[in-house]
Amino acid sequence: VVHGRWEGIIGPVTSSYVSRLLEMGIERDAQAVLLELDTPGGLDTAMREIIKEFLAAEVPVIVYVHPSGARAGSAGVFITMAAHIAAMTPGTNIGAAHPVAIGGEMDSIMTEKVTHDAAAYARSLATKRHRNVEWAEEAVRRSVSATAEEAVAENIVDVSAESVEELLEIIHGRTVELPSGEHELNTAGARLEPVPVNLRERLLAMLADPNIAYIFMLLGIYGLIFELQSPGAIFPGVVGVICLILAFMSFQTLPINIAGLALILLAIVLFILEIKVPSYGMLTVGGIIAMLLGSLMLFDTVDPAMRVSLGIIITAVTVTALFFAFAVGMGLRAQSRRVTTGHEGLVGEAGEAHTTLDPTGTIAIHGEFWKAESATGEPIEAGTRVEVVKVAGLQLLVRQTAPSPFSKDGGEGPAAT
């Protein structure tokens, strides 16, 4: 028995994985292909592709909702009902298959059309596999659910079993219908050949997770912001671009709300402008608000499995707010700090008149001699302490502050300010 397991949202990767399982089952001439399933639901298109594979399969398909605590919700209901053998383990549940809109709200007419279509599809699958047609329709129209025990009692599934080995013992000798005719299962003591999800499928499945897609998008944004803040760093920019490409790849299979994405892009613009334009934090505040609203609106669906976790959104926005609050605070402190370099850094510095300034002469400051002029026009004797009040090209304007200790009268005067 070829043995696979899928846990998570039903999507294109799930369809690819199931196809691989069925191909391997036929190649190995297996008694059956057993798929352990635990899913909250997923995309209708992927679900229908999987069901087409099941209905056309020349190898018996067993869907087993396992382990205890697992569920077959929404799209998982249809997939389970499409299997030749449907099984559940105690402590699992199945149901709530009402279709929900992704990528936008549906009006009442469209909602009714989609619901009728899904209900008819559920009835057809239940009829083909000789299961409870009424419950299948109610699962779509009223989102009813059932436990493993209820599902077996109401003929929703065929078997309840504690383990894979017990399941294979129970179904041994049963007859299923394949496109080529009836086939008797010979599964007692069958050797299980596990087929794990490969690296490529695992990566693609991870990218289809809305939480992962959101995190990649944020990492991409941060990378580009750091690159713009420090041009030439290269590494943040490269990582940022890679993360954004992966995020947009994920968005292809997720219900993106254009307004939410636009708000996040606006937040990026505001953060970048904060780096370039001093707004004293106003642009950062606007960016944080836009990012929070955009994150909440990013995935437009009522299905919790297809939305970003609120905890991740709050954490991401908080970290972003703290980072930019720190960056803006450092920028404001830098702007308010007195200039200490260049010609402007000389203003306020103390020196000593090297020659008499009448009104021009030379002063010594920082071990250098500068041409200087008395700011008041009155002569300043050599050896007098002076303070720079202005820089005019290569000449300093100074004022007298106190007599030098080395002046002729030996006066010591008050300390220069």
Side-chain angles (χ1 to χ4, degrees), residues 1-66 70 72-88 94 97 99 117-118 120-131 136 139-140 156-159 164 167-168 171 174-183 185 187 190 192-198 200-202 204-205 208 252-253:
V1 173
V2 172
H3 182 204
R5 172 167 177 75
W6 184 263
E7 180 178 0
I9 295 170
I10 302 297
V13 183
T14 321
S15 176
S16 173
Y17 176 62
V18 169
S19 294
R20 189 159 65 89
L21 286 177
L22 295 176
E23 288 173 6
M24 189 169 293
I26 293 172
E27 289 174 3
R28 300 288 194 274
D29 193 23
Q31 279 297 306
V33 170
L34 189 152
L35 175 65
E36 288 187 40
L37 186 65
D38 179 9
T39 179
L43 299 178
D44 178 80
T45 51
M47 174 197 77
R48 289 177 183 263
E49 288 176 5
I50 293 169
I51 291 173
K52 287 178 184 176
E53 296 260 14
F54 282 3
L55 297 179
E58 285 292 353
V59 59
V61 178
I62 306 165
V63 171
Y64 183 29
V65 184
H66 183 77
S74 194
V77 175
F78 293 85
I79 292 172
T80 304
M81 288 194 300
H84 298 97
I85 299 290
M88 298 174 68
I94 184 171
D117 177 67
Y121 195 38
R123 288 199 308 271
S124 68
L125 292 174
T127 300
K128 184 171 182 61
R129 298 305 187 201
H130 310 292
R131 300 196 178 106
V140 173
I156 299 166
V157 300
D158 306 305
V159 179
V164 172
L167 171 62
L168 296 180
I171 64 175
R174 294 198 180 196
T175 301
V176 297
E177 287 185 28
L178 299 179
S180 58
E182 292 188 346
H183 176 82
L185 295 172
T187 55
L192 291 173
E193 184 169 337
V195 182
V197 178
N198 61 32
R200 174 182 173 274
E201 291 164 343
R202 192 176 295 112
L204 293 175
Q252 292 180 346
T253 60

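Nothing here was measured: the structure is a model prediction, and the numbers come from that model. We're numbering straight along the sequence, starting at 1.
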Can you name the closest pair of heavy atoms from [X] and [Y] and give their distance?
X    : Y    : value
A30  : V59  : O-CG2, 3.8 Å
L178 : P60  : CD2-N, 3.9 Å
L185 : A32  : CD2-CB, 4.5 Å
P179 : A57  : CD-O, 3.1 Å
A126 : A136 : CB-CB, 3.9 Å

For this session: May I have the step-by-step check of side-chain contact (heavy atoms from CB on, under 4.5 Å) for L34 and L167, ending in yes or no?
Result: CA-CA 10 Å; L34 189 152; L167 171 62; 3.8 Å; yes
Problem set entry | side-chain contact (heavy atoms from CB on, under 4.5 Å) evaluation trace for N198 with R20 | CA-CA 11 Å; N198 61 32; R20 189 159 65 89; 3.7 Å; yes
For this session: Report the C-alpha distance between E53 and S19 in whole Å, list the side-chain angles of each, state the deciding distance to 0.1 Å, and finish with yes or no for side chain to side chain donor-acceptor pair (under 3.5 Å).
Result: CA-CA 7 Å; E53 296 260 14; S19 294; 2.5 Å; yes
Student check: side-chain heavy atoms of [X] and [Y] closer than 4.5 Å:
X    : Y    : result
T187 : R174 : no
V159 : Y64  : no
V197 : W6   : yes
D44  : F78  : no
V61  : V18  : no
R200 : V13  : no
H3   : E36  : yes

If you round to the nearest 0.5 Å, how far is [atom2] of [Y] from [atom1] of [X]?
X    : Y    : atom1 : atom2 : result
L43  : M47  : CG    : CE    : 10.0 Å
K128 : H84  : NZ    : NE2   : 7.5 Å
I171 : D158 : CD1   : CG    : 9.0 Å
H66  : L37  : NE2   : CG    : 12.0 Å
T80  : I156 : OG1   : CD1   : 11.0 Å
I94  : S74  : CD1   : OG    : 11.5 Å

For this session: Tell me yes or no: between the side chains of E58 and H183, is some donor less than 3.5 Å from an acceptor?
Result: no
Exercise. D38 and R5: side-chain contact (heavy atoms from CB on, under 4.5 Å), yes or no, with the steps?
Worked result: CA-CA 8 Å; D38 179 9; R5 172 167 177 75; 4.2 Å; yes
Exercise. Between R131 and M81, is there a donor-acceptor pair closer than 3.5 Å when you use the side chain of the first and the backbone of the second?
Worked result: yes
Problem set entry | Under 3.5 Å donor-acceptor, T39 side chain and G8 backbone | yes
For this session: Apply the test side-chain contact (heavy atoms from CB on, under 4.5 Å) to residues R129 and L55: give CA-CA distance (whole Å), side-chain angles for both, the deciding distance (0.1 Å), then the verdict.
Result: CA-CA 10 Å; R129 298 305 187 201; L55 297 179; 3.4 Å; yes
